[in-house]
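Owing to the predicted nature of the structure, the values given are computational and were not obtained by experimental measurement.
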Amino acid sequence: MKITDVDVWVVNLPLVNPFTSSFETKTGETRTVVRIRTDAGTEGWGETMWGAPVAAIVRQMIPDLIGTSPFARESFFRKQHMVPFFYGYLGYAATAAVDVACWDAMGKATGQSVTDLLGGAVRHEVPLTALITRADAPGATSAGLPAAMAEHAVRVVTEGGFTAVKLKGTRDWEGDVAILRAVRAALPEVNLRVDPNAAWSVPDSVRAGIALEELDLEYLEDPCTGIEGMSQVKAKVRIPLCTNMCVVRFEEFAPAVRLNAVDVIHGDVYKWGGIAATKALAAHCETFGLGMNLHSGGELGIATAAHLAVVASTPVLSRAIDSMYYLHADDIIEPLHLENGRLRVPSGPGLGVRVDEDKLRHYAGVNEREGDLTG
């Protein structure tokens with residue numbers, strides 16, 4: 001079985017509500033979608049982060065893809081090993097798009113789910129984290145913001161059945177602490193987290209961390225920048241520290257372990273360069289006694305299905321994962337349904353999802369008119 005054709009689209013899809021973090025407010029997602037076709041009539045679909053720059057890198061790979069087998073992943077990606085070196089995150093994202101499409105094709109060719117190809121299911125449903133931001137309380141005054149955010153969190157948990165809540169933090173660490181106190185008082189049993197995306201200084205991270213210790217957070221994610229900074233915070237704060245920003249490549253794993261900088265690492269198929277890389281990260285975390293979870297970069301249905309397959313087949317991924325999937329107003333597949341705060345792992349061949357090509361073309365047209373969304 002050989003790859004004969006590769007198609008690439010860039011799509012824009014809207015979010016239900018604006019999503020605010022410490023560095024941006026966005027109203028939608030731009031994603032790159034890839035389809036490979038083989039001489040056996042098999043298709044494989046991939047989807048990854050970002051738009052035009054990633055799509056351009058994927059298109060550069062096409063001549064080397066044509067004529068290879070989707071099963072020959074190791075030799076192909078060895079040949080493409082300089083892509084992440086030259087392009088960084090964009091290169092990892094482009095590599096992941098092709099990787100996921102190959103896994104989908106391998107599953108369809110063998111009649112097996114990607115979950116089974118990865119070792120079989122240890123779970124069949126995956127809990128998601130409720131993601132809350134200050135944009136969820138647009139009319140609140142500064143003094144009334146903590147109460148308004150707590151009310152919103154209660155409503156989201158009640159309606160969605162979530163067991164974990166994460167606040168996307170801001171540069172205002174004191175305000176974030178006040179919001180978390182209000183959320184904890186309103187939801188005493190929920191797993192609570194905060195992620196300011198490294199917006200706090202080391203001293204402020206220590207102050208915030210000490211103030212938050214009484215709230216029994218599941219973990220504090222990326223309060224400050226860098227392995228060294230995280231190590232300083234970890235030495236003074238009793239809350240477990242999580243990262244999606246200071247350990248994002250295997251080259252950073254050993255320094256983080258040596259400096260005792262983190263307790264939990266967020267993997268991501270699209271930031272780490274593919275499914276096999278994410279599984280290798282899980283093995284590293286288990287070997288060194290670290291926890292692991294999954295980051296969300298705004299996955300639509302194809303990418304979410306790949307994340308679900310990884311979680312389903314990886315014992316260490318036992319927490320409620322980050323996923324913005326439920327925040328999208330539409331999808332390019334027949335939608336996955338959130339029930340009791342969980343998504344069921346697709347069981348069909350490959351990724352187990354069917355792409356709606358009419359919607360794919362529609363949202364590709366939106367991107368052509370609007371360009372990539374940047375915030």
Side-chain angles (χ1 to χ4, degrees), residues 3 6-13 19 21-24 26 28-36 44-66 68 73 76-104 197-198 222 225-226 243-253 265-281 294-300 302-304 306-307 310 322-324 332 360 363-364 366-368 370-375:
I3 296 171
V6 182
D7 298 302
V8 184
W9 297 265
V10 179
V11 298
N12 288 3
L13 271 84
F19 188 84
S21 67
S22 63
F23 63 94
E24 68 174 352
K26 57 183 180 179
E29 299 286 357
T30 295
R31 307 286 292 184
T32 293
V33 179
V34 175
R35 176 178 61 193
I36 62 174
W45 290 88
E47 173 214 322
T48 194
M49 301 171 70
W50 302 307
V54 171
I57 297 170
V58 174
R59 291 186 178 106
Q60 290 177 27
M61 295 181 180
I62 290 177
D64 288 334
L65 270 173
I66 300 299
T68 66
R73 293 176 47 267
F76 175 77
F77 290 118
R78 289 283 178 178
K79 187 175 181 180
Q80 301 291 328
H81 74 284
M82 295 302 288
V83 170
F85 177 82
F86 285 121
Y87 297 106
Y89 276 168
L90 299 177
Y92 282 114
T95 300
V98 175
D99 178 76
V100 170
C102 287
W103 280 100
D104 188 35
N197 288 109
D222 287 312
T225 59
T243 187
N244 159 60
M245 296 180 70
C246 73
V247 182
V248 294
R249 301 178 302 164
F250 285 105
E251 297 94 316
E252 295 160 343
F253 191 96
I265 295 177
H266 265 194
D268 184 318
V269 166
Y270 311 98
K271 287 184 70 173
W272 283 80
I275 287 174
T278 309
K279 292 283 285 188
L281 175 63
L294 285 193
H295 162 263
S296 178
E299 301 82 22
L300 305 177
I302 300 170
T304 296
H307 268 190
V310 170
D322 282 4
S323 175
M324 293 183 65
I332 56 172
L360 175 65
Y363 287 113
V366 174
N367 177 266
E368 290 174 2
E370 298 179 351
D372 292 358
L373 300 174
T374 57

Decide yes or no for [X] and [Y]: does some side-chain heavy atom of the first lie under 4.5 Å from some side-chain heavy atom of the second?
| X | Y | result |
| --- | --- | --- |
| Thr243 | Asp222 | yes |
| Val11 | Val366 | no |
| Tyr270 | His307 | yes |

Separation of [Y] [atom2] from [X] [atom1] (nearest 0.5 Å):
| X | Y | atom1 | atom2 | value |
| --- | --- | --- | --- | --- |
| Met324 | Leu300 | CE | CG | 10.0 Å |
| Ile302 | Thr304 | CD1 | OG1 | 10.0 Å |
| Phe19 | Glu29 | CZ | CD | 9.0 Å |
| Leu360 | Arg35 | CG | CZ | 8.0 Å |
| Ile62 | Asp7 | CD1 | CG | 7.5 Å |
| Gln80 | Phe85 | CD | CZ | 15.5 Å |

Sequence-distant partners of Phe253, ring pair (Phe, Tyr, Trp, His ring centres under 6.0 Å), two or more places apart =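 Once residues adjacent in sequence are excluded, the partners of Phe253 under the ring pair (Phe, Tyr, Trp, His ring centres under 6.0 Å) criterion are His284, Phe288.
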
Taking Phe76 as the fixed residue, which of Ile3, Thr95, Asp64 is the one that meets the side chain to side chain contact (heavy atoms under 4.5 Å, CB included) rule?
->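 When side chain to side chain contact (heavy atoms under 4.5 Å, CB included) is applied between Phe76 and each of Ile3, Thr95, Asp64, only Asp64 qualifies.
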
Taking [X] for its side chain and [Y] for its backbone only, find out whether a donor-acceptor pair lies under 3.5 Å.
| X | Y | value |
| --- | --- | --- |
| Asp99 | Ile275 | yes |
| Thr48 | Ala93 | yes |
| Thr32 | Gly51 | yes |

Look at the aromatic rings of Trp45 and Trp9 and report parallel, tilted or perpendicular, splitting at 30° and 60°.
-> parallel

Please state whether the rings of Trp50 and Tyr89 are parallel, tilted or perpendicular, taking 30° and 60° as the class boundaries.
-> parallel

Minimum heavy-atom separation for [X] to [Y], with atom names?
| X | Y | answer |
| --- | --- | --- |
| Gly267 | Leu281 | CA-CD2, 3.6 Å |
| Gly274 | Ala96 | N-CB, 3.8 Å |
| Cys246 | Gly226 | CB-C, 3.8 Å |
| Ala101 | Gly46 | CB-N, 3.7 Å |
| Ala55 | Val10 | CB-CG2, 3.6 Å |
| Ile57 | Ala94 | CG2-CB, 3.6 Å |

Show the numbers, then the answer: is there a side-chain contact (heavy atoms from CB on, under 4.5 Å) between Thr225 and Met245?
-> CA-CA 8 Å; Thr225 59; Met245 296 180 70; 5.8 Å; no

Any chance you could lay out the side-chain contact (heavy atoms from CB on, under 4.5 Å) test for Leu294 and Thr278, step after step, and finish with the verdict?
-> CA-CA 9 Å; Leu294 285 193; Thr278 309; 4.2 Å; yes

Could you give all pairs that pass the salt bridge (Lys or Arg N to Asp or Glu O under 4.0 Å) test and reach residues 44-59, with sequence neighbours left out?
->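 Sorted result for residues 44-59: Arg31-Glu47.
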
Side-chain donor-acceptor contact under 3.5 Å, His266 with Asn244 |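 No.
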
Evaluation steps, side-chain contact (heavy atoms from CB on, under 4.5 Å), between Ile332 and Leu13 = CA-CA 9 Å; Ile332 56 172; Leu13 271 84; 4.1 Å; yes

Test Glu299 against Asp268 for side-chain contact (heavy atoms from CB on, under 4.5 Å), laying out the working first.
-> CA-CA 10 Å; Glu299 301 82 22; Asp268 184 318; 4.1 Å; yes

